[in-house]
Amino acid sequence: PKIRRVPVQNKVTVVLGTQWGDEGKGKVVDLLATEADIVCRVQGGNNAGHTVVVKDQIYDFHLLPSGIINKDCKAVIGNGVVIGFPPGLTWWKENLIVSDRAHIVFSFHQQIDGLLEAMKGHGKLGTTKKGIGPTYSSKAGRMGLRVSDLVGSEAGFETKFRALAELYQQQFPDLQIDIEAQLELYKGYKAQLQPLVKDVVHYMNEEINSTEKKRILVEGANATMLDIDFGTYPYVTSSNCTVGGVCTGLGIPPNSVGDVVGIVKAYTTRVGSGPFPTEQQNSIGQTMQKVGHEFGVTTGRLRRCGWLDLMIVKYSHVLNNLTSIAVTKLDILDGFDEIKIGVAYKHNGKTLPLFPASLEILSEVEVDYVTMPGWSVPTSECRRYEDLPVNARNYINKIQEILQVPVKWIGVGQSRTAIIKL
C-alpha cells in the first residue's frame, strides 16, 4: 500500500548571527519569544553572550536561551550544547528542559583551555577560556561525559570521570584536579539537574509533529563567521553555528526548519584575532566602539569595529538560506557624514565570487565600497519605518537590494521596545 508522508506540523523558526557574533540576536529572540511556546539553544556553551533589556532591567545570558524571560515558554538546551555548571538555575527552573545527550564542561576543561592558549604564543586564537573547545575535543575523542552519565548511576559516572581526569593529567602534568572534591560537587549538581533532564530528541519530535499549534524558536549562539567549518578558521568557535547545527544539535530533521532569520549589525565587529577586511583602525572605529558600547558580554574584551561587510552577510545567506533579516544598532551610525558598505572583495585584481576559505587571501583582499550619505537626526526614538531619516531608509534599502532578502526588523536602541517592525 502507498504510504502518505505527513508533513511537519510545527516548523521551527531559527534566529542566527550572520557576522562574527554580537549582532544583537538576544533582543530579536526575546521579541519573538514573547509569542513562542518553546525556545531552544542547539550549540555552543557559556562562551556565548546575549544581552536583553526589559524595563531598565538588564539580563545577560550565557548558557540559557535568552527567551527564557517569558515564563510561559519552555526553554530547551539541546544535545549540541556543552553545559558548564553551575548553570545558574534560579526562578526559571520550572520551564527549563536539558537534553540527556548534552556534554558536560568540567573545571579541568577550562584549565586546559587556558594552558593550550598559552602554549600557542603569538598564534593565540582569543578563546574565552570557558573550556568549550576542550569539551568538544573530549566529545569528538569519544571520552566525554554526558548529562545522562551524571543523572545515571553514581558508580558509572565516577568511573568515567576518573578515566577522563587521569587521561588529561597524563597529557598535562601541571594540571591540578581534586577528583574526590569534584565527584562530591557533582552529586549536588545531579540533585539539582535531574528534574530538568529529558530525552530532547523525543520531546522535540513530539512537539514538531503535534496537531496542537506550537511556535518553536531556535536561538543560534555565536554566529556564521565563527562556525567551525565555514567560519574564519582557526579563529572560530568549536561548534556549527550555521543552520545545519539546528538539526544535529536538537535531533530534528531538516524539513522541520521553517523561517531562518539572519541578524545583521548595521556595521561589523569582531572580538579576538584574525583578518577583518572592513576594520576601521581610526576615529571611525573608535566612535563605533564608544557609542555602541562594543565590549563582549562574556569576556568584557573590546570589539574591533568597521563598516558593514556584505560579502560576509551574502556568504551567510548562501549557507543558511535566510528568509528575512533584522538590522540592529542602526542608531550607532547616527551622526556620521558618510557611511560605507563593503560590497565586493578583489584579490590580485580579480573579484572573488564568494567569501574565501584562505585567511592569507582574506588578509590581502581590497574591499570595494558603496559610499552613502549619513544622517544627523537621531533614530533612537523612531518606531515606524516612515519616522527614519531619508538617508537611513536609503541605507536599509541598499542592504535589502544587495542581499535580495527582506528586512523585517530594524533595531534603534538597547531596550526591547527600540525596534521597528516592517
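Between Ile104 and Val82 the shortest side-chain heavy-atom distance does not fall below 4.5 Å. Contact of the Lys340 side chain with the Leu308 side chain is not registered, since no non-hydrogen atoms from C-beta on lie closer than 4.5 Å. Taking the side chain as every heavy atom from C-beta outward, Val15 and Leu32 approach each other to under 4.5 Å. The shortest side-chain heavy-atom distance between Leu196 and Ile97 does not fall under the 4.5 Å cut-off. Here the side chains of Ile396 and Leu330 are in contact, with some heavy-atom distance below 4.5 Å. At least one side-chain heavy atom of Val246 sits under 4.5 Å from a side-chain heavy atom of Ile252. For the pair Leu16 and Val260, the minimum side-chain heavy-atom distance is below 4.5 Å. Using a 4.5 Å cut-off on side-chain heavy atoms (C-beta onward), Val264 and Thr328 make no contact.
The number of heavy-atom neighbours closer than 6.0 Å to OH of Tyr385, taken from other residues, nucleotides and ligands shown, is above 12.
Asp331 and Thr379 are not linked by any side-chain donor-acceptor pair at a separation below 3.5 angstrom, with hydrogens and angles left out of the test. A donor-acceptor pair shorter than 3.5 Å cannot be found between the side chains of Thr237 and Ser239. At a cut-off of 3.5 Å, with distance as the only test, a side-chain donor of Trp20 or Thr232 sits close to an acceptor on the other residue. The closest side-chain donor-acceptor pair between Ser138 and His103, if any, does not fall under 3.5 angstrom. One side chain, Lys265 or Thr269, offers a donor N or O that lies under 3.5 Å from an acceptor on the other.
Between the side chain of Lys130 and the backbone N or O of Asp113 there is no donor-acceptor pair closer than 3.5 Å. Between the Ser148 side chain and the Asp100 main chain, a donor and an acceptor come within less than 3.5 Å of each other. Looking only at distances, a side-chain donor or acceptor of Glu23 sits under 3.5 Å from a matching main-chain atom of Gly21. In terms of modelled atom types and a separation under 3.5 Å, the side chain of Arg41 and the main chain of Gly45 share a donor-acceptor contact. Without hydrogens or angle criteria, Asn205 side chain to Gly251 main chain gives a donor-acceptor distance under 3.5 Å. In terms of modelled atom types and a separation under 3.5 Å, the side chain of Thr13 and the main chain of Leu217 share no donor-acceptor contact.
From Leu164, atom CG reaches atom OG1 of Thr159 across 12.5 Å, with rounding to the nearest 0.5 Å. Rounded to the nearest 0.5 Å, atoms CG (Asn240) and OH (Tyr136) are 9.0 Å apart. Separating the CD atom in Glu35 from the CG atom in Asp72 is a distance of 12.5 Å, to the nearest 0.5 Å. Annotation: the span from Asp387 atom CG to Arg393 atom CZ amounts to 8.5 Å, rounded to 0.5 Å. Going from atom CD1 of Ile177 over to atom CZ of Arg162 covers 11.5 Å, rounded to the nearest 0.5 Å.
The salt bridge (charged side-chain N to carboxylate O under 4.0 Å, His left out) pairs that include a residue from residues 395-410 are Lys398-Glu401, where partners are two or more places apart or lie in different chains. Every pair tested for salt bridge (charged side-chain N to carboxylate O under 4.0 Å, His left out) that includes a residue from residues 227-249 fails, sequence neighbours excluded, so the list is empty. For residues 165-176, there are no salt bridge (charged side-chain N to carboxylate O under 4.0 Å, His left out) pairs, not counting sequence neighbours.
The only option from Trp375, Trp307, Tyr395 that meets the ring pair (Phe, Tyr, Trp, His ring centres under 6.0 Å) definition with Phe336 turns out to be Trp307.
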(request) Take Arg303 and Asp22 through the test salt bridge (Lys or Arg N to Asp or Glu O under 4.0 Å) and record every step on the way to the result. (result) CA-CA 9 Å; Arg303 297 178 188 136; Asp22 310 308; 3.1 Å; yes

(request) Might you work through the side chain to side chain contact (heavy atoms under 4.5 Å, CB included) test for Gln19 and Leu226, ending with a clear yes or no? (result) CA-CA 8 Å; Gln19 296 151 304; Leu226 296 173; over 6 Å; no

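Residues satisfying the side-chain contact (heavy atoms from CB on, under 4.5 Å) criterion with Asp37, sequence neighbours excluded, are Lys214, Arg215. Under the side-chain contact (heavy atoms from CB on, under 4.5 Å) criterion, Arg142 pairs with no residue, sequence neighbours left out. In this structure Lys290 satisfies the side-chain contact (heavy atoms from CB on, under 4.5 Å) test with no other residue, sequence neighbours excluded. When the side-chain contact (heavy atoms from CB on, under 4.5 Å) test is applied to Gln171, the partners found at least two apart in sequence or on another chain are Leu167, Tyr168. Partners of Asn282 according to the side-chain hydrogen bond (donor to acceptor under 3.5 Å, both in side chains) rule, which considers only residues two or more places apart in sequence or in another chain, are Gln280. Among residues two or more places apart in sequence or in another chain, the side-chain hydrogen bond (donor to acceptor under 3.5 Å, both in side chains) test is passed with Tyr267 by Glu294. With sequence neighbours left out, the side-chain hydrogen bond (donor to acceptor under 3.5 Å, both in side chains) criterion links Tyr345 to Asp309.
Proximity of the aromatic rings of Phe108 and Phe172 is defined here by a centroid distance below 6.0 angstrom, and this criterion is not met.
Note on ring orientation: taking the six-membered ring where Trp is involved, the planes of Phe106 and Phe157 are tilted (angle from 30° to 60°).
Note on Arg146 versus Asp149: no salt bridge recorded, every NZ/NE/NH1/NH2 to OD/OE distance being 4.0 Å or above. Under the 4.0 Å criterion applied to side-chain N and carboxylate O atoms, Lys11 and Asp259 are not assigned as salt-bridge partners.
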Output side-chain donor-acceptor pairs under 3.5 Å for residues 310-320, partner residues at least two apart or in another chain, one line each.
| from | atom 1 | to | atom 2 | distance (Å) |
| --- | --- | --- | --- | --- |
| Lys314 | NZ | Val343 | O | 3.3 |
| Tyr315 | OH | Phe230 | O | 2.8 |
| Ser316 | OG | Thr224 | OG1 | 3.0 |
| Ser316 | OG | Asn320 | ND2 | 3.2 |
| His317 | ND1 | Leu322 | N | 3.1 |
| Asn320 | OD1 | Val243 | N | 2.9 |
| Asn320 | ND2 | Thr224 | OG1 | 3.1 |
| Asn320 | ND2 | Ser316 | O | 2.9 |

Atom pairs and distances, side-chain donor-acceptor, residues 362-374, under 3.5 Å, sequence neighbours left out:
| from | atom 1 | to | atom 2 | distance (Å) |
| --- | --- | --- | --- | --- |
| Ser363 | OG | Leu359 | O | 3.2 |
| Ser363 | OG | Glu360 | O | 2.8 |
| Glu364 | OE1 | His347 | NE2 | 2.8 |

